[in-house]
Amino acid sequence: MKKIAVLGSTGSIGTQTLNVIRENPEKYEVSALSCRSSAPLLAEQIEEFHPACAATGDQETARKLAERFPETRFVWGPQGLAEIAAEAEYDILLNALVGMSGLVPTYNAVSAGRTVALANKETLVAGGELICRTQKKTGARILPVDSEHSAIFQCLKGYEKSQVEKILLTASGGPFRGKTTEELRSVTLAEALDHPRWKMGSKITIDSATLMNKGFEVIEAKWLFDLKPEQIEVVVHPESIVHSMVQYCDGAVMAQLGVPDMAIPISFALEYPHRLRNAQQRLDLKKTGSLTFEEPDVRTFRCLQFAYDALRAGKTYCTALNAANEVAVGAFLGGKIAFCDITDCLDEVMQRHRPSEDADLEELMRVDAQTRKTAESILEV
Ligand SMILES: NC(=O)c1ccc[n+]([C@@H]2O[C@H](COP(=O)([O-])OP(=O)(O)OC[C@H]3O[C@@H](n4cnc5c(N)ncnc54)[C@H](OP(=O)(O)O)[C@@H]3O)[C@@H](O)[C@H]2O)c1
């Protein structure tokens, strides 16, 4: 029986992880759960899964839930998440938090040499160098949950890394594929939230519309698979059937295909190195029709280019890009700015950024806080 701690259990990945666990009660038990503000859903989850500990966004909610569930130990805030990651009993920490809130829990788990199933890509965008340096020291394992990285992880199995020529990260293109910069100026929040293939949390859905999500995945892939930026190519594939590919030194390309369903990569991370039998829908290529591939339009969707630029510039450029993006996406979701302001803000922040070298966790947090202030002043929010 594997003990799973699910951080961000009330979100899109969190609830899908609990679906997998629910379907396999003989294999998994839940040892920790967390929410920020969705306390009613967290309460339902605690009632069903009886975790030993749970984290809430604030102390008052933790106090109320502790009265209702005396068997569960409650913690709260960023410190509570950090504590669960460092000290709770678990075999796998599934980090499904969104944004920078995921960095410290991943860092604590990796510092303690534990196993992390990582959905929170912002961990590796903001702190990839630090996490990998720490992982090398402790021998901790990071298993990818993002579907593209899970696909690459699967395509790499059984081969030597030195024989990899490049990886091909597929991208759906998001809801605005084919639009011009001029057309993007008038898109609405509702249109940006209407992703053609995946149903996800609001932040990643907006990141998919700007292609920042794909840019973040390029950075995530660099750290997960120890690649150079020029070994990571993005290919737009609107059908989202091929989840990503690896090209080897003899020209052979290995691809992982499947229906767009996060249950597959989540199961693969939980059950690694084995596969979990499930009754999900199967891919039927006869009904799928044509699979198409095209070049991403980085002139219109500049966020993808920003990610490559930040990755090549190194130091704390990716940390700053992540922080500015969180502020800008938050402002767009709050109806305070237009869609194109997100990209313009990131451009300005990247130009103004004064990077630090060899940043430790404290320095990354300082850069994050400082960059948020810069982005807020640019956007006047
Ligand atoms: N959704 C997908 O299909 C998908 C696919 C690949 C990768 N990912 C990645 O997985 C991560 C999670 O995405 P998601 O779509 O599941 O997000 P989501 O639906 O917004 O869920 C985020 C979870 O984190 C909690 N949370 C948010 N901000 C927090 C904070 N500051 N402190 C503590 N907890 C906080 C939320 O709690 P409340 O519910 O209380 O707000 C919720 O449980 C992201 O990094 C995303 O890029 C997602």
Side-chain angles (χ1 to χ4, degrees), residues 5-20 32-46 54-58 61-62 65 75-85 94-106 116-127 143-152 169-172 174 193 195 197-210 212-221 224 240 243-244 259-266 268-269 322-323 325-327 329-330 333 368 372:
V6 188
L7 298 186
S9 61
T10 52
S12 164
I13 292 291
T15 50
Q16 291 179 83
T17 300
L18 293 181
N19 288 345
V20 173
L33 293 168
S34 89
C35 77
R36 177 180 48 178
S37 53
S38 308
L41 178 55
L42 181 71
E44 279 176 35
Q45 294 177 345
I46 294 171
T56 59
D58 63 274
T61 309
L65 287 174
V75 291
W76 59 87
Q79 184 51 39
L81 296 171
E83 195 183 312
I84 289 180
L94 192 135
N95 186 343
L97 295 164
V98 69
M100 187 71 174
S101 65
L103 176 65
V104 174
T106 307
V116 182
L118 191 64
N120 177 261
K121 66 191 77 183
E122 293 90 346
T123 283
L124 292 177
V125 176
L143 299 163
V145 171
D146 224 344
S147 58
E148 294 79 357
H149 303 77
S150 176
I152 291 160
L169 274 183
T170 52
S172 71
L193 284 171
H195 195 277
R197 296 283 166 199
W198 298 93
K199 181 136 185 41
M200 311 177 284
S202 56
K203 189 218 172 230
I204 183 177
T205 305
I206 301 305
D207 287 344
S208 300
T210 59
M212 189 72 266
N213 181 53
K214 206 47 59 181
F216 284 169
E217 288 178 9
V218 168
I219 300 169
E220 185 185 8
L224 279 174
S240 298
H243 296 306
S244 279
V259 290
D261 182 346
M262 287 306 295
I264 300 170
I266 291 169
F268 194 74
N322 180 66
N325 184 61
E326 278 191 41
V327 170
V329 171
L333 285 168
D368 176 75
R372 282 170 194 264

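Atoms considered below: every heavy atom in the structure, side chains included; atoms not considered: hydrogens, waters and symmetry mates. Counting starts at 1 for both ligands and their atoms, following the listed order.
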Please determine, by modelled atom types, if Asn325 and Asp207 share a side-chain donor-acceptor pair under 3.5 angstrom.
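Side-chain D/A pair, Asn325 to Asp207: present.
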
Report yes or no: do Thr61 and Thr56 form a side-chain donor-acceptor pair below 3.5 Å?
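Note: Thr61 and Thr56 side chains miss the donor-acceptor criterion.
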
Among protein heavy atoms, which sits nearest to [atom], and what does the distance come to when rounded to 0.1 Å?
atom: atom 47 (O) of ligand 1; answer: Lys121 CE, 3.1 Å
atom: atom 1 (N) of ligand 1; answer: Ser12 OG, 3.1 Å
atom: atom 21 (O) of ligand 1; answer: Gly11 CA, 3.2 Å
atom: atom 34 (N) of ligand 1; answer: Leu97 CD2, 3.4 Å
atom: atom 37 (O) of ligand 1; answer: Arg36 N, 3.2 Å
atom: atom 20 (O) of ligand 1; answer: Gly201 CA, 4.0 Å

Backbone N/O of [Y] and side chain of [X]: donor-acceptor pair under 3.5 Å:
X: Asn95; Y: Gly102; result: yes
X: His149; Y: Glu217; result: yes
X: Ser150; Y: Asp146; result: no
X: Ser34; Y: Gly8; result: yes
X: Gln45; Y: Ser9; result: yes
X: Glu220; Y: Phe216; result: no
X: Lys214; Y: Thr170; result: yes
X: Asn120; Y: Gly99; result: yes
X: Asp261; Y: Ala263; result: yes

Regarding [atom]: of the candidates [options], which has the closest heavy atom?
atom: atom 7 (C) of ligand 1; options: Asp207, Asp146, Val125, Asn95; value: Asp146
atom: atom 4 (C) of ligand 1; options: Ile13, Thr10, Ile266, Thr123; value: Ile13
atom: atom 3 (O) of ligand 1; options: Glu326, Met200, His149, Glu217; value: Met200

Considering non-hydrogen atoms only, spot the tightest contact between Ala32 and Ile84 and give its length.
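It is CB-CG2, 3.8 Å.
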
Region of [X] engaging ligand 1 - heavy atom pairs below 4.0 Å:
X: Glu122; result: side chain
X: Met262; result: side chain
X: Ile204; result: side chain
X: Ser101; result: side chain

How many angstroms lie between atom CD1 of Ile264 and atom OG of Ser147, to the nearest 0.5 angstrom?
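Output value for this atom pair is 9.5 Å.
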
Within ligand 1, which atoms have a heavy atom of [X] less than 4.0 Å away?
X: Gly8; answer: 23 (C), 24 (O), 43 (O)
X: Ser37; answer: 38 (P), 40 (O), 41 (O)
X: Ala96; answer: 12 (C), 22 (C), 23 (C), 24 (O)
X: Val98; answer: 22 (C), 24 (O), 27 (C), 28 (N)
X: Asn120; answer: 45 (O)

So Thr15 and Leu41, do their side chains get closer than 4.5 Å, heavy atoms only?
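Yes; the side chains approach each other to less than 4.5 Å.
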
Could you tell me whether some N/O pair between [X] and ligand 1 is separated by less than 3.5 angstrom?
X: Ser202; result: no
X: Ala119; result: yes
X: Asn213; result: no
X: Cys35; result: no
X: Ser38; result: yes

Heavy-atom gap Leu81 to ligand 1 smaller than 4.0 Å:
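Leu81: in contact with ligand 1 (<4.0 Å).
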
Looking at ligand 1, would Gly57 count as a contact under a 4.0 Å heavy-atom criterion?
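Gly57: no contact with ligand 1 (<4.0 Å).
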
Pair Glu326, Lys203 - check salt bridge (Lys or Arg N to Asp or Glu O under 4.0 Å), show working.
CA-CA 8 Å; Glu326 278 191 41; Lys203 189 218 172 230; 5.1 Å; no

